[in-house]
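Numbers for residues simply follow the sequence, beginning at 1.
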Amino acid sequence: MKKKKQTWDFQRKHFVFPSILLVIFLSIAVTLWLTKNNLFYLFNFSYIGLSVAVGTFLGAALPKREKQKGRLVTQFLVGVYMFVFLGIYGKENMQIEGFFTYLFMGIFIGSTIHYLVAKIGGTVIFGRGWCGYACWTMTLLDLLPWKKPKEGRVRYLGAFRYVHFFGSLALVLYFMYVLHDAPQLESAREMYWFLIGNLVYYGAGFVLAFVLKDNRAVCKYVCPIPVVQKIGSRFSIMKINIKRDKCIECFACERECPMDIKLLSYMYEGKRVLSTECISCTACIHACPTDAIAYTVGFDGGLKEYLRYQGEPVATKKSRKPKALGA
């Protein structure tokens with residue numbers, strides 16, 4: 001029996017969501033351009049919006065086995081742009097220390113806007129979509145072969161993200177208010193801080209990925225950004241939803257999830273996926289053989305985090321008993 005040929009899927013509905021995203025970003029671009037009288041904002045957010053729209057469309061239209069390439073296209077376009085143009089050419093410290101510094105100085109520039117719009121405010125709409133679609137660190141690390149972690153998370157190691165976050169904040173406060181050493185904007189020092197910080201991230205990322213066989217290990221255990229992202233993403237309007245009447249409980253979605261989320265545990269409770277560890281990568285959607293998973297718009301939130309840790313195998317229909325609805 002011949003296998004069904006994988007072909008592009010050009011449907012009108014696949015143009016709708018990318019178009020909505022593009023309009024949102026263009027609205028931000030025009031608003032900031034007119035209010036700040038700076039053409040940079042028009043270019044910056046128009047480019048990012050177009051990159052996101054292209055990747056989202058490709059993720060819908062590409063053959064099923066190739067759909068994740070759409071996300072990687074956006075991640076490359078946005079990640080390289082921010083790293084090279086803003087970080088190196090613009091000499092801005094795009095690390096979280098740069099954001100803290102510019103925020104305390106009351107300066108509204110690329111780094112400040114980026115964090116406030118993409119990594120804080122945007123989480124209320126898109127959750128942690130930045131992590132899945134734009135992170136320049138993961139632009140390289142997502143090309144490694146360990147896209148599907150087999151061993152689960154290392155329990156409690158994720159607490160280091162909070163140590164990193166508050167350590168970075170303390171470092172900035174020490175430089176600014178103890179040493180009285182505020183940085184000079186668009187200087188070589190800012191660029192070096194940005195580059196050295198990224199070298200540390202990439203180094204830690206490659207080592208952890210190799211040791212734990214997990215491309216997203218640095219995201220789970222080292223990166224401080226989720227500390228602030230988790231606040232808004234818990235109540236994000238857009239979340240993954242699994243239709244119980246279409247789900248055959250094959251757990252293909254959980255095997256594909258790079259963040260080790262027990263997706264069906266939320267379905268058993270009649271809820272959307274409320275985990276703040278979801279990075280909106282859509283791997284679960286593309287893995288589902290019955291099209292039971294989709295992004296939906298709604299208003300909800302919750303504190304439950306269903307995650308798989310080391311020592312817990314990926315679930316099968318026999319290994320996890322369904323919970324009663326509303327349990």
### Query
Should the pair K213 and F210 be classed as cation-pi, given the thresholds of under 6.0 Å to the six-membered ring centre and 45° from the axis?
yes
### Query
Is the cationic atom of R153 (NZ for Lys, CZ for Arg) positioned less than 6.0 Å from the six-membered ring centroid of Y309 and within 45 degrees of its normal?
no
### Query
Which residue pairs pass the side-chain hydrogen bond (donor to acceptor under 3.5 Å, both in side chains) test when at least one of the two sits in residues 158-173, sequence neighbours left out?
E97-S168, R161-E277
### Query
So, for Y89 and Y81, is the gap between ring centers shorter than 6.0 Å?
no
### Query
How about F194 and F83: are their ring centroids closer than 6.0 Å?
yes
### Task
Scan K271, R234, R272 and name whichever one has a salt bridge (charged side-chain N to carboxylate O under 4.0 Å, His left out) with D300.
R272
## Note on the structure
Members sharing Y174's hydrophobic cluster, built from side-chain contacts under 4.5 Å between Ile, Leu, Val, Met, Phe, Trp and Tyr, are L171, F175, V178, L179, W193
### More than 12 heavy atoms from other groups under 6.0 Å of CH2 on W146
yes
### Message
Just checking K150: does its NZ atom have more than 12 heavy atoms from other residues, nucleotides or ligands closer to it than 6.0 angstrom?
### Response
no
Show me, pair by pair, the donor-acceptor contacts under 3.5 angstrom made by side chains of residues 54-61, not counting sequence neighbours?
residue	atom	partner	partner atom	Å
T56	OG1	V52	O	2.7

### Message
With no hydrogens and no angle check, just 3.5 Å: does a side-chain donor-acceptor pair link Q75 and T139?
### Response
no
### Query
Hey, what's the ring geometry for W136 with H114, parallel, tilted or perpendicular (30° and 60° as the breaks)?
tilted
